[in-house]
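What follows is one structure encoded as structure tokens, with my remarks underneath.
Note that this is a predicted model, so its numbers are computed, not measured. Along the sequence shown, residues are numbered consecutively beginning with 1. All ligand and atom numbering here is 1-based and tracks the order in the structure.
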Amino acid sequence: MAEFSIIETYFNRQHASNQVDLGIGDDSALISPPDQHQLVICADTLVSGRHFPTHTAAHAVGWKAVAVNLSDIAAMAAKPHSILLALSMPTVDHEWLQGFSDGLYACCDRYGVQLIGGDTTQSPHLSLTVTAMGWVETGKAVRRSGAQIGDLIVVSGSIGDAAFALQHLGHPLQQRLDYPTPRCELGQQLCGLASSMIDISDGLIQDLGHILTASQVGAKIALEQLPINTQLQGIAEHLRWQYALAGGDDYELCFTISEANYQKLLHLQPEVTTSVIGRIQEQSGLSFTLHGHNQPLQLHGYQHFA
Ligand code: ADP
Ligand code: MG
């Protein structure tokens with residue numbers, strides 16, 4: 001099957017919202033950012049066997065390829081607009097392509113995003129690169145570098161689910177691994193409120209660490225406040241912390257915010273729960289407490305955190 005008929009069959013659906021000037025079919029797409037806004041743009045690649053288990057359902061792969069990028073757009077406090085898809089695959093597997101494109105469009109439709117172009121090639125490995133674009137009012141993007149001493153550290157949803165599911169394929173929490181939910185609405189509500197923000201893809205410690213480094217501050221985390229799924233309550237405490245702090249694939253937002261602005265956020269009634277897990281402090285590094293007492297932690301893959 002020729003490249004153009006793959007595109008025509010699977011990737012040229014009409015979208016409900018048609019907010020692009022020129023979509024699929026020409027050499028490039030055309031989009032017009034609103035006045036006084038900046039283009040926010042990012043890309044993420046998923047390689048089969050590396051970023052998702054080889055037997056992951058095609059529909060889930062399609063969803064996740066879009067979702068992980070929309071999560072990066074959300075983490076800048078931006079509104080997602082459109083995506084490009086670069087698809088490399090060993091063979092033309094129609095069943096897989098149908099499931100994949102259904103999953104991809106399901107995520108696009110859920111978040112009001114349009115597929116406006118891409119590239120389709122043959123290669124020995126299945127690999128997908130999605131580029132996502134969005135808008136944010138000029139100067140209003142929330143970066144990693146703005147955390148202030150005394151700010152609250154807040155996390156959306158629950159963390160550790162996906163890492164647990166990866167070790168327990170077939171568990172109901174596999175839904176959280178296969179179908180991450182980018183926090184697009186929350187991200188936009190945090191525009192003008194959060195002082196810094198990141199999405200959690202590599203585990204809370206590593207990603208919060210990026211905020212601390214960029215902002216040149218430290219943090220104290222209260223372990224009993226970590227939002228850990230009730231389905232993980234039965235497992236040993238240190239394992240729960242391991243999943244929640246060092247797991248990854250959460251695609252939740254971690255942000256810092258003043259107490260006053262956090263109250264403003266709560267008045268907006270975000271559709272996802274948010275949990276205060278700690279505070280930004282002057283002393284550099286990351287330390288942990290359990291019910292008010294210092295709790296040195298040793299997590300697999302990490303050195304001591306004291
Ligand atoms: P060119 O040869 O000029 O790069 P292509 O033949 O690769 O153009 O692509 C034709 C059109 O189809 C372009 O508009 C391109 O953006 C789009 N396209 C190609 N592959 C995909 C894909 N996997 N998903 C969405 N659009 C695609
Ligand atoms: Mg091309």
Within one Ile-Leu-Val-Met-Phe-Trp-Tyr cluster: L223 and I280, side-chain cutoff 4.5 Å = yes
query = Just one of D249, D250, D161 clears the side chain to side chain donor-acceptor pair (under 3.5 Å) bar with R176, so which one?
reply = D161
ask   = Just which atoms of ligand 1 are under 4.0 Å from any heavy atom in I24?
value = 12 (O), 14 (O), 17 (C), 25 (C), 26 (N)
note = Nearest non-hydrogen contact to atom 19 (C) of ligand 1 from the set L97, N12, I7 belongs to I7
ask   = For ligand 1, which atoms, with element, lie under 4.0 Å from some heavy atom of D27?
value = 3 (O)
note = Quick note on ligand 1: atoms under 4.0 Å from a heavy atom of E3 include exactly 5 (P), 6 (O), 7 (O)
inquiry  = Under a 4.0 Å threshold between the charged nitrogen and the carboxylate oxygen, would E259 count as salt-bridged to R279?
reply    = yes
key: Salt bridge present between E224 and R240 (N-O < 4.0 angstrom)   = no
query = Can you find an N or O of G118 that's nearer than 3.5 Å to an N or O of ligand 1?
reply = yes
query = Any idea which atoms of ligand 1 are less than 4.0 Å away from a heavy-atom of D26?
reply = 13 (C), 14 (O)
ask   = Is the shortest side-chain N to carboxylate O distance from D102 to R13 below 4.0 Å?
value = yes
